[in-house]
Number of protein chains: 2
Amino acid sequence: MTLRDVAEEAGVSVTTVSYVLSGRADRATGMPVETRERVAAAAERLGYTANTAARVLRRQRTELIALAYAPPVSPWLDQLTAQCEDLAAERGYSVIGLPIRRPERAAHSLRVLERGYVDGAIIVSLPPDIDVNHYARTTRGLVVFHEHLSVPRVDVVRAHERAGMAAATRYLIEQGRRRIAYLAHAAPVDLSPGERYAGYRDAFAEAGRPVPDELVRTGADDRAGAVVAVRSLLDHPDPPDALVSESDRGALAALQAAADRGIKVPDDFAVVGAGNTSEGLFASPPLTSVGSDQLEFRPLVEALFARIEDPDRPAQEIVMPWRLHHRSSA
Amino acid sequence: MTLRDVAEEAGVSVTTVSYVLSGRADRATGMPVETRERVAAAAERLGYTANTAARVLRRQRTELIALAYAPPVSPWLDQLTAQCEDLAAERGYSVIGLPIRRPERAAHSLRVLERGYVDGAIIVSLPPDIDVNHYARTTRGLVVFHEHLSVPRVDVVRAHERAGMAAATRYLIEQGRRRIAYLAHAAPVDLSPGERYAGYRDAFAEAGRPVPDELVRTGADDRAGAVVAVRSLLDHPDPPDALVSESDRGALAALQAAADRGIKVPDDFAVVGAGNTSEGLFASPPLTSVGSDQLEFRPLVEALFARIEDPDRPAQEIVMPWRLHHRSSA
DNA sequence: CTGAAAGCGCTTACAG
DNA sequence: CTGAAAGCGCTTACAG
C-alpha cells in the first residue's frame with residue numbers, strides 16, 4: 001500500500017497525493033476541493049499509511065524524541081514523561097522511553113541514539129564512561145541531567161545536588177544528631193555518581209567531624225533492599241539517630257523499618273529523603289526531603305526542541321536547584 | 001557521511017563497502033583480507049555510521065521492539081523490560097518503552113506503532129476502544145496482555161486475573177471476614193478493565209453475600225492516593241476488617257495507613273495485594289498477594305520474535321496464571 | 001572477486 | 001493547477 005496505489009485509485013500523480021496527504025498547506029490550498037476530496041477518499045478507502053522509513057529518509061526527521069533513564073523508575077520520571085508527551089504532541093512528535101542498563105550494557109542501550117532513530121533525547125541518567133559527543137553526532141538535540149558536563153551543542157540541567165545534600169546533612173548536624181547514617185543507591189548507573197554522597201561528606205568536613213563510614217549503606221533504589229539495609233543499621237551496636245537517603249524510596253523504607261522496631265520518628269530517628277516526590281508527602285510522618293521545588297520540565301523540553309530546530313544555538317544551562325523541604329520526619 | 005564517502009576513501013564501490021560493513025558473511029568471506037581491512041579502516045577513519053532510515057527502507061526491518069504500558073510504572077515492568085532487552089540484544093534488536101496515556105490520548109501514543117517504527121510490540125496495557133487489528137497492519141509482531149482478546153495474527157498472554165482475584169476474596173470470606181473492602185486503580189487505562197473487580201464480585205456472588213459497595217474505593221495506582229483512600233475507609237462508621245487491592249502498591253499503602261492508626265494486621269485488618277511483587281515480600285508484615293508465580297517472560301518474548309519471522313504462524317496463547325501467595329498480612 | 005544498477009517509498013524543486 | 005523526475009542512503013540480485 002503505497003503512495004502510488006493511492007495515486008492510481010484517485011487518478012492523479014503521486015505528487016498530488018503527497019501534497020494532499022502530508023504536503024504543505026500552500027500547495028494543497030491552490031487545489032480544487034474536488035481533487036483534494038477525491039484523493040482523501042482514495043487514501044481512506046485503501047487504508048493508506050505513509051511509510052515512515054521513506055519519509056524519514058527524505059525529510060531527515062524522525063519526529064521522535066527519547067527519554068533515556070536508568071531503571072528503577074519513579075513517579076518523578078512518570079511526571080517528566082507526561083510533560084514531554086504533551087509538549088511533543090503539540091509539535092507532532094512522539095516520545096519513547098529508553099531504559100539504560102547496567103554500565104557494561106549501556107552502550108548497547110544507547111544504540112537507539114547512535115543509529116539516529118530519534119531527533120532528540122533527554123538523558124536523565126548518563127552512565128559513567130559514556131561520551132556524549134558520540135551521540136550528538138547522530139541525534140540533533142540532547143539535553144542531559146548532569147552536574148558538571150559542558151559540551152558545545154548539548155544543553156544541560158543542573159540540580160546542584162551536592163549542595164542540596166550538604167544542606168540536608170548540615171540540618172541534622174545542627175539539630176545535634178550524633179550518628180547520621182547514609183543510604184546510597186546500589187545500582188551503579190546513576191544520575192550523577194557520587195554527587196549526593198559528596199554533599200553528605202561536605203557537611204561533616206564543614207563541621208569538623210569525621211564521616212561515620214560504618215553507617216553508610218546501599219539499597220536506596222529498591223524498597224526491599226532499603227528495608228534490609230536500614231534494619232542492619234538499626235541493629236548496629238551504636239545505632240544511628242538520623243538517616244540521609246539518596247532517594248525518597250529509601251527514606252520511605254526507613255520509616256517503615258523504624259515503625260517495625262517501634263522507634264519514634266523523628267525524636268529517636270530522623271529521616272531525610274531525596275527527590276521531594278509526592279509519595280513522601282503522604283508517608284507517616286510526612287517525609288522531609290531535599291529536591292527540586294516543583295516538577296516543571298517545560299524549560300528543558302523547549303530547549304530540546306529549540307536545538308532540534310537550530311543545532312548551532314549556544315548550549316543552555318537549566319538550573320533546577322535542590323533545597324530542603326521541611327516536613328515532619330526530621 | 002555516507003557509504004559513498006567510505007567507498008571513495010577506500011577506493012572501492014559502495015557495494016563492496018556495504019558487504020564489508022553490514023553485508024552478509026558469505027559475501028565478505030570470499031573477499032581478500034586486504035580489501036576488508038582497507039574498507040574497515042576507511043569507515044573507522046571517517047567515523048561512518050549507517051543511515052538507519054535508508055537501511056530500514058531497504059530491509060523492511062527496524063530492529064526495534066516496543067513495550068507499551070500505562071504509567072505509573074512498577075517493579076514488574078522493570079523486570080519485563082530487562083528480560084526483553086536481554087533476549088532482544090541476542091538478536092541485534094533494541095527495546096523502547098512506549099508510555100500510553102489516558103484513553104483519550106491513547107491513539108496518539110500508539111502512533112509509534114501505527115507508523116511502523118517498530119517490528120514488534122508487547123502491549124502490557126491495551127486501552128479500551130483500541131482496535132488491535134489496526135496496529136497489526138503496521139507492526140509485524142504483537143503480543144498483548146489481555147484476558148479475552150482473540151485476533152488472528154496476535155499472540156496473547158492470559159493471567160486469569162478474575163479467577164485469581166476471586167480466590168483472594170474467597171479466602172477472606174472463608175476466614176470469616178465481615179467487611180471486605182476493595183481498592184481499585186484510579187487510572188482508567190488498565191491492563192484489563194474491570195477483570196479484577198469482577199473477580200472480587202464473583203466471590204461474593206458465590207457466597208450468596210451482597211457486595212459492600214460503600215467499601216469500594218479507587219487509588220491503587222498511586223501510593224499517596226491509596227493512603228488517602230484507605231484512611232477514609234478506616235474512618236467509615238462500620239469500617240472494613242479486610243481489604244483487597246488491585247495492586248501491591250495500594251496494599252502497601254493500606255499497611256501503612258493501618259499502622260498509623262494502630263490497627264493490627266492481619267488480626268483486625270487483613271490486607272491482600274495483587275501483582276505478587278518483590279516489594280510486598282519486605283513489607284511488615286510481609287504482604288499476601290495474588291499474582292503470577294514467577295516473573296519469567298521468555299515465552300512471550302520468543303513468541304514475539306517468532307511472529308516477526310513468520311507473521312502467518314497460528315496465534316499463540318500464553319498463560320501466566322494468578323494464584324494466591326500466602327504471607328502474613330492476611 | 002568486484003561493481004553498475006535497480007529499487008525500497010517518500011518529498012519537493014521545477015517545468016509546463 | 002498538476003506531473004515527471006531527481007534524490008534521500010542504503011541492500012542485493014545480477015553481470016562480468
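Since this is a predicted model, take the numbers as computed values, not measurements. Within every chain, numbering begins at 1; the chains are lettered A, B, ... in the order of the sequence lines, protein sequences first and strands thereafter.
Residues meeting the side-chain hydrogen bond (donor to acceptor under 3.5 Å, both in side chains) test with A/Glu104, sequence neighbours left out: A/Arg102.
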Report all side-chain donor-acceptor pairs from residues 296-307 of chain A shorter than 3.5 Å, counting only partners two or more places apart or in another chain.
| from | atom 1 | to | atom 2 | distance (Å) |
| --- | --- | --- | --- | --- |
| A/Glu296 | OE2 | A/Arg298 | N | 3.0 |
| A/Arg298 | NH1 | A/Glu302 | OE2 | 3.1 |
| A/Arg307 | NE | A/Arg153 | O | 3.3 |
| A/Arg307 | NE | A/Asp155 | OD2 | 2.8 |
| A/Arg307 | NH1 | A/Pro311 | O | 2.9 |
| A/Arg307 | NH1 | A/Arg313 | O | 3.0 |
| A/Arg307 | NH2 | A/Asp155 | OD1 | 3.1 |
| A/Arg307 | NH2 | A/Arg313 | O | 2.9 |
| A/Arg307 | NH2 | A/Pro314 | O | 3.0 |

Listed pairs under 3.5 Å, donor-acceptor, residues 130-137 of chain B side chains, sequence neighbours left out:
| from | atom 1 | to | atom 2 | distance (Å) |
| --- | --- | --- | --- | --- |
| B/Asp131 | OD1 | B/Asn133 | N | 3.1 |
| B/Asp131 | OD1 | B/Asn133 | ND2 | 3.3 |
| B/His134 | NE2 | B/Glu114 | OE2 | 2.5 |
| B/Arg137 | NH2 | A/Gly47 | O | 2.9 |

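For DNA chain C, the residues of residues 48-60 of chain B within the heavy-atom distance limit of 4.0 Å (strictly under) are B/Leu57, B/Arg58, B/Gln60, sorted by number.
Counting to the nearest Å, the C1' atom of C/dT11 and the CG atom of A/Leu21 are 12 Å from each other. Between B/Leu3 atom CG and C/dA6 atom C1' there is a gap of 16 Å when expressed in whole angstrom units. Following rounding to the nearest Å, A/Arg61 (CZ) and C/dG9 (C1') show an atom-to-atom distance of 19 Å. The CE-P distance, from B/Met1 to D/dC8, rounds to 15 Å in whole Å. The interatomic distance linking B/Arg4 (CZ) with D/dC8 (P) rounds to 7 Å, in whole Å. Between the CD atom of A/Glu8 and the P atom of D/dA4 there is a distance of 12 Å, rounded to whole Å. The CZ-P distance, from A/Arg36 to D/dC1, rounds to 10 Å in whole Å.
Between B/Glu63 and B/Arg55 no salt bridge is recorded (no basic side-chain N to carboxylate O distance below 4.0 Å). Under 4.0 Å is where a charged nitrogen must lie from a carboxylate oxygen, and between A/Asp86 and A/Arg91 no such pair does.
The strand DNA chain D forms stems, runs of 3 or more Watson-Crick or G-U wobble pairs with distances below 3.5 Å, at C:1-3 with D:14-16, C:5-12 with D:5-12, C:14-16 with D:1-3.
If A/Arg38 and A/Val14 are placed on DNA chain D by their nearest nucleotide, the residue sitting closer to the 5' end is A/Arg38.
No hydrogens or angles considered: nothing links the side chains of A/Glu85 and B/His108 as a donor-acceptor pair under 3.5 Å.
Residue-level contact check: B/Thr15 touches the bases, meaning some heavy atom is under 4.0 Å from a base atom.
Side-chain proximity of A/Ser13 to D/dA4, C/dT11, C/dA4: nearest is D/dA4. Nearest nucleotide to the side chain of A/Pro32, out of C/dA13, C/dG3, D/dC1: D/dC1.
For A/Thr16 and D/dG3, the shortest distance from a side-chain N or O to OP1 or OP2 is below 4.0 Å. Distances shorter than 4.0 Å separate some side-chain N or O of A/Ser18 from OP1 or OP2 on C/dT11. Look at A/Thr35 and you'll find a side-chain N or O under 4.0 angstrom from OP1 or OP2 of D/dT2.
Within the structure, the salt bridge (Lys or Arg N to Asp or Glu O under 4.0 Å) test picks out the following pairs touching residues 1-22 of chain A (sequence neighbours left out): A/Glu9-A/Arg45.
Shortest non-hydrogen contact noted between A/Tyr19 and A/Met31 is CB-CE, 4.1 Å.
Atom CG of A/Asp310 is surrounded by more than 12 heavy atoms from other residues, nucleotides or ligands within 6.0 Å.
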